[in-house]
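Whatever order the structure lists ligands and atoms in, that order sets their numbers, starting from 1.
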Amino acid sequence: MRKQVIAGNWKMNKTHREAEDFIQTAKNEVPSADQVESIVVAPFPFLQKLVEETEGTSLKIGAQNMHFEENGAFTGEVSPVMLKELGVSHVVLGHSERREIFKETDEDVNKKVHAAFKHGLTPIICVGESLEQREASETMDVVEGQVKKALEGLTNEQCAETIIAYEPIWAIGTGRTATSEQANEVCTHIRKVVSEYVNADAADAVRIQYGGSVKPANVDELLSQSDIDGALVGGASLEADSFLKLVEAGKHE
Ligand SMILES: O=C(CO)COP(=O)(O)O
């Protein structure tokens with residue numbers, strides 16, 4: 001049975017003080033790591049402090065992006081080596097906001113995924129279609145292309161360890177959640193793509209999250225779907241109480 005993984009993506013939000021207050025509330029309240037995997041994906045300036053404060057707890061800390069190179073003349077960028085040194089466990093890669101606003105390509109995402117594995121970071125790879133693509137019935141093709149390109153050149157074991165987040169762009173921050181059937185349909189397709197592109201074992205092991213207006217009121221139904229193994233949550237992860245409810249929903253005994 002795949003363990004659910006609930007990640008709160010804070011995006012570019014919170015002051016240092018707010019981040020601190022959240023972690024103090026949440027760090028001892030999250031269920032144990034063998035029941036559910038819980039991750040706070042925080043802005044770079046907070047990472048070191050949050051990693052220190054959550055040491056020995058079940059709450060893990062992830063980054064929202066990174067460069068694929070280890071070092072060099074890349075002003076403003078952060079490397080996988082730096083994240084690893086801080087003790088970060090996960091890194092979100094290819095979020096639609098990075099793809100759309102910062103023009104990241106599938107090729108960039110693939111290089112970043114390789115860099116993550118090289119440095120012992122677990123990638124959370126985001127894929128998902130725009131409203132225009134959904135209306136043109138291109139969802140499955142778009143997502144399939146993104147998944148294959150992101151996984152290109154990885155070992156079968158690395159593919160199995162990857163977390164894929166299906167986040168339809170039209171559902172992000174809009175309050176318009178995909179129905180659990182719509183979300184599951186695409187997650188099932190992603191698992192099929194992994195099965196054909198990698199192998200059945202990797203497809204069985206890979207965890208596929210849904211993201212896009214997930215909140216305590218709709219999380220149970222989403223997580224009860226056959227191919228949804230967790231959630232990547234923006235807005236509803238900003239308050240500790242709400243984040244804890246989401247994590248609780250992912251718990252199994
Ligand atoms: O983009 C998201 C998480 O990465 C989803 O954001 P919302 O939960 O705010 O819709």
Side-chain angles (χ1 to χ4, degrees), residues 4-14 18-19 22 26 37-44 46-47 50 60-66 88-104 108-109 112-113 116 121-131 133-134 139 142-143 146-147 150 162-180 182-184 186-187 190 207-223 225 228-250:
Q4 300 270 351
V5 48
I6 310 293
N9 175 10
W10 286 355
K11 307 191 179 183
M12 198 175 73
N13 289 296
K14 291 198 182 292
E18 287 164 352
F22 179 110
E37 205 169 324
S38 38
I39 310 163
V40 164
V41 180
F44 292 131
F46 308 150
L47 292 175
L50 299 189
K60 293 181 181 156
I61 304 298
Q64 299 176 9
N65 178 38
M66 65 178 194
V88 163
S89 57
H90 293 72
V91 59
V92 170
L93 298 174
H95 192 281
S96 60
E97 287 150 17
R98 304 269 347 145
R99 293 178 191 257
E100 287 202 323
I101 307 168
F102 300 100
K103 309 297 172 214
E104 279 189 19
D108 295 329
V109 175
K112 291 180 182 199
V113 173
L121 300 161
T122 301
I124 300 177
I125 302 168
C126 301
V127 299
E129 82 287 2
S130 65
L131 185 57
Q133 290 165 331
R134 174 159 283 264
T139 298
V142 168
V143 167
Q146 289 173 329
V147 169
T162 297
I163 298 169
I164 298 174
Y166 167 56
E167 297 204 310
I169 297 170
W170 48 271
I172 296 177
T174 57
R176 190 178 156 187
T177 326
T179 64
S180 47
Q182 280 175 324
N184 195 51
V186 182
C187 293
I190 292 172
R207 283 171 308 158
I208 305 173
Q209 296 174 309
Y210 167 77
S213 300
V214 177
K215 44 187 184 281
N218 61 21
V219 70
D220 286 330
E221 207 193 321
L222 287 160
L223 297 187
Q225 299 296 310
I228 301 181
D229 310 313
L232 181 58
V233 189
S237 75
L238 289 171
E239 297 299 328
D241 286 355
S242 169
F243 176 73
L244 287 167
K245 282 185 190 146
L246 296 167
V247 170
E248 198 66 31

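- Contact residues of ligand 1 (protein heavy atom closer than 4.0 angstrom to a ligand atom; sorted by chain and number): Asn9, Lys11, His95, Glu167, Ala171, Ile172, Gly173, Gly212, Ser213, Leu232, Val233, Gly234, Gly235.
- Judged purely by atom type and a 3.5 angstrom limit, Tyr210 uses its side chain to pair as donor or acceptor with the backbone of Ala178.
- Inter-residue side-chain proximity for Asn65 and Lys112 is flagged as met; some heavy-atom pair is nearer than 4.5 Å.
- Partners of Lys60 according to the salt bridge (charged side-chain N to carboxylate O under 4.0 Å, His left out) rule, which considers only residues two or more places apart in sequence or in another chain, are Glu37.
- In this structure, the side chain to side chain donor-acceptor pair (under 3.5 Å) partners of Asp229, at least two apart in sequence or on a different chain, are Arg2, Arg191.
- You'll find the side chain of Leu93 reaches within 4.5 Å of the side chain of Met66, heavy atoms only.
- Within the structure, the salt bridge (charged side-chain N to carboxylate O under 4.0 Å, His left out) test picks out the following pairs touching residues 88-99 (sequence neighbours left out): Lys11-Glu97, Arg98-Glu104, Arg99-Asp106.
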